[in-house]
A.B. asks: 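The structure follows.
Quick note: numbers below take in every heavy atom, side chains included, and nothing from hydrogens, waters or symmetry partners. What you are looking at is a predicted structure, and each value in this text was computed from that prediction instead of being measured.
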Amino acid sequence: MSRKRLAGIAVGVSVMAAAATLPQGATARTGASQDAVIYEVPAHHKQDAQTLITAGYDLLERRQGDHLFVLGDPTTGAGLRHLGFAPTVVRTVERPAPGKTAAAGDTYDGGYHTVGAQYAHLDQLAAQHPDLATVVTYGKSWRKQTGSGGHDLKAVCVTKMKPGDCSLDPNSAKPRFFLMSQIHARELTTGEMSWRWTDELTGQYGKDPDITKLMDTTEMWVVPMANPDGVDIVASGGDNPVWQRKNADDSHGASCGWTGQIGVDLNRNAGTHWGGLGTSTQPCNEVYLGPAADSEPENAALEGLFRQLYPAVRTGTGDSDPAPADARGMMISLHSDASMVLFPWESDHRVHSGNDAALRALAGHMGSITGYQSGQAGEILYDASGGTDDWTYDKLGLASFTIEVGDSDGRGCDGFTPAYSCQDSYFWPKIEPALRYAAQHAAAPYRSAD
C-alpha cells in the first residue's frame, strides 16, 4: 500500500496483552506486518465508549455525533460485531514495525521534528534571546532513568526577564501560563504548535504590542515533548511514523506482538481519579494506566515541576470544592485530533468541579476561536481518568484544559500525522489566537472568563 497520508483518522495501534485478553472475535498475530483498519462504530448508549475501551479496542480520540472510531486489523470487525456493534470500514492503513531508535537527522515524515531537534531549538532560543528564554531540565525519561538511552526532560520559560523570573518557586511575581504537548507521542501536530508558540513569543517581542505586553507581565512555560522516548519510537519509522501513543516502559510486558503496544499511557497515569473510567489494566492496551498512580518517571517529574511553579490553592479534597476566585495561572495540554476543548473533570462528566462555570466559559471562548466543541470529556468525547489537566486542577487548583487539535473544517489535515504542510497553512493560524487568549487570562482565569 502507498503512503498513509489519509484525510481520515489515521493513527493508533490496537493493544492487547495476549490472546486471552483480546476482544472477542479478534486474534493475536505476530511476525509479518498486516494492514491496520479504521472502523466507524455507531454508538447507541452512553457507556458504549467505555465498553470498547474495556474490551481492549484502540478507541481513537475522535467522535462525530454518535459515531466512534476504532483502529484494529482485518479481524477486528468480527469482534466488534460480536459485541453488538455495527462497524463500517473507513480506511485501511499500512502499519510500520515498531522501532527502537530515533530517526537520524532533525526531521522525519516531511518536516516533523525529532526530540533532538526540539531540544536544540530550546537551547537556541535561550542562546539567541538570553533576556527572554531559559531552559530547565526537570527530570529523566524512563529509558534514561533505566540506563537504556532516553532523554532528559526539558522545559523552557519564556518572558521578558526580571530578577527572580523563571525561578522554581510557586510564589512567582508574574502569573504563569503553561503549555505542554506530545504526552501522547503519535500526536505530532501538538509538538509543532509548541515550537511555533515559543518562536512567536521570542520573535515578536518588541514588534507585536500584544505579545510584548504578554511577555512583560507573564511567564510562559512550555514542555514541547512530555514523552520523548515515545517520540523516538514514532520517529524511528521515518516517512512512515510508528503510531506509538505511550511511553517506552516495557517492564510490564516487553512484547505485545503486532496487535499491541508496549508502554504506559502517561495521560492515564496521573495520580487523580487513577483507575477510573477510560483506563485499562492490560499492559498492551493503548490506555494502560500503569502499575500505580504516578508510576512513570515522566509523570512524576512533570508533577514535580508543576508543584515548583504553582501553589496548591485548592485546599478542599472533594470533587466539588473550588479553587479560590483569585487563583492565578493556566495550563493547556495539547492533544489531537478530536477538534475539542476539554476541561475537568475529564474523569467523569457526571461530576462538575467547583469552578465549572468559569472553566466552561473559558473553554467555550477557546472553542469559538478555534471552531471546536467544548465541554467535559465525557460530554462530547468519552471519560478519561488519570489525565494531566485533572491532576493540575485537583492538586493545585490550576485552571486546566486539553485542546484536541484537529481538522474541524474538512481541510484534509485529519489524523495524528497529517501532511507537514498543514502545520503552517492550517493548524497554527487556528491555534495561535487560542493560546494567546489563554495566556492573557492567566492572571485571573476564574474572574476573567469572558
A.B. asks: Measure across Gln261 and Arg245 and return the closest heavy-atom pair with its distance rounded to 0.1 Å.
C.D. replies: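 Shortest heavy-atom contact: OE1-N, 3.1 Å.
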A.B. asks: How long is the gap from NE2 on His273 to CG on Asp383, to the nearest 0.5 Å?
C.D. replies: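 Here the interatomic distance stands at 11.0 Å.
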A.B. asks: To the closest 0.5 Å, what do you measure between CG (Asn267) and CG (Asp390)?
C.D. replies: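 The CG atom of Asp390 is 9.0 Å from CG of Asn267, to the nearest 0.5 Å.
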A.B. asks: Are the aromatic ring centres of Phe178 and Phe306 under 6.0 angstrom apart?
C.D. replies: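 Yes, the ring centres sit under 6.0 Å apart.
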A.B. asks: Using the benzene-type ring in the case of Trp, are the ring centres of His352 and Trp345 under 6.0 Å apart?
C.D. replies: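 Between Trp345 and His352, which both carry aromatic rings, the centre distance is not below 6.0 Å.
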A.B. asks: Answer whether the closest heavy-atom distance between the side chains of Asp265 and Ile183 falls below 4.5 Å.
C.D. replies: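 With C-beta onward as the side chain, the pair stays apart.
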A.B. asks: Salt bridge or not for Glu219 and Lys174, using N-O below 4.0 Å?
C.D. replies: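 A salt bridge is absent here (no side-chain N lies under 4.0 Å from a carboxylate O).
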A.B. asks: In terms of side-chain geometry, is the basic nitrogen of Asp394 or Arg314 positioned less than 4.0 Å from the acidic oxygen of its partner?
C.D. replies: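 Counted as a salt bridge, because a side-chain N and a carboxylate O are separated by less than 4.0 Å.
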A.B. asks: Apply side chain to side chain contact (heavy atoms under 4.5 Å, CB included) to the pair Thr159 and Thr218, showing each step before the final yes or no.
C.D. replies: CA-CA 6 Å; Thr159 191; Thr218 308; 5.8 Å; no
A.B. asks: Do Ile380 and Leu342 have side chains that approach each other closer than 4.5 Å (heavy atoms only, starting at C-beta)?
C.D. replies: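 When only atoms from C-beta onward are counted, Leu342 and Ile380 do touch, with a gap below 4.5 Å.
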A.B. asks: If you take the centroid of each ring, where Trp contributes its six-membered ring, are His121 and His113 closer together than 6.0 Å?
C.D. replies: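 Not close enough - the centres of the two rings lie 6.0 Å or further apart.
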A.B. asks: Are Thr272 and Tyr393 packed together at the side-chain level, in the sense that at least one heavy-atom pair is separated by less than 4.5 angstrom?
C.D. replies: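 The answer is no, as the side chains (C-beta and beyond) never meet within the 4.5 Å cut-off.
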A.B. asks: Between Pro322 and Gly354, which heavy-atom pair has the shortest distance, and what is it?
C.D. replies: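 Closest heavy-atom pair between Pro322 and Gly354: CB-O, 3.5 Å.
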A.B. asks: Quick test of your reading of the model: are Asp152 and Lys154 salt-bridged, counting only N-O distances below 4.0 Å?
C.D. replies: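 Salt bridge between Asp152 and Lys154, a charged N being under 4.0 Å from a carboxylate O: no.
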A.B. asks: To the nearest 0.5 Å, tell me how far Phe416 CZ sits from Thr190 OG1.
C.D. replies: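 Rounded to the nearest 0.5 Å, the CZ-OG1 separation comes to 10.0 Å.
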A.B. asks: Decide salt bridge (Lys or Arg N to Asp or Glu O under 4.0 Å) for Arg143 and Glu298; before the verdict, give the C-alpha distance in whole Å, the side-chain angles of both, and the deciding distance to 0.1 Å.
C.D. replies: CA-CA 10 Å; Arg143 281 180 172 173; Glu298 294 91 347; over 6 Å; no
A.B. asks: Phe85 and Leu52: which non-hydrogen atoms are nearest, and at how many Å?
C.D. replies: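 Scanning both residues, the minimum pair turns out to be CE1-CD2, 3.6 Å.
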A.B. asks: Any chance the rings of Tyr112 and Tyr420 have centres within less than 6.0 Å?
C.D. replies: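 Between Tyr420 and Tyr112, which both carry aromatic rings, the centre distance is below 6.0 Å.
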A.B. asks: Thinking salt bridges, do Asp169 and Arg307 make one under a 4.0 Å N-O criterion?
C.D. replies: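 Result for this pair is no, no salt bridge flagged.
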A.B. asks: Locate the shortest heavy-atom distance separating Ser194 from Leu334; write the atom from each residue and the value.
C.D. replies: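 Heavy atoms of Ser194 and Leu334 come nearest at OG-CD1, 4.4 Å.
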A.B. asks: Under a 4.5 Å cut-off applied to non-hydrogen side-chain atoms, are Val156 and Val136 in contact?
C.D. replies: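 No - every pair of side-chain heavy atoms lies 4.5 Å or more apart.
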A.B. asks: Leu359 and Phe343: which non-hydrogen atoms are nearest, and at how many Å?
C.D. replies: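 Nearest pair, atom of Leu359 first, then Phe343: CB-CD1, 4.0 Å.
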A.B. asks: What's the shortest heavy-atom distance between Tyr39 and Pro87, and which atoms?
C.D. replies: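 In this case the closest contact between Tyr39 and Pro87 is CD2-CB, 3.9 Å.
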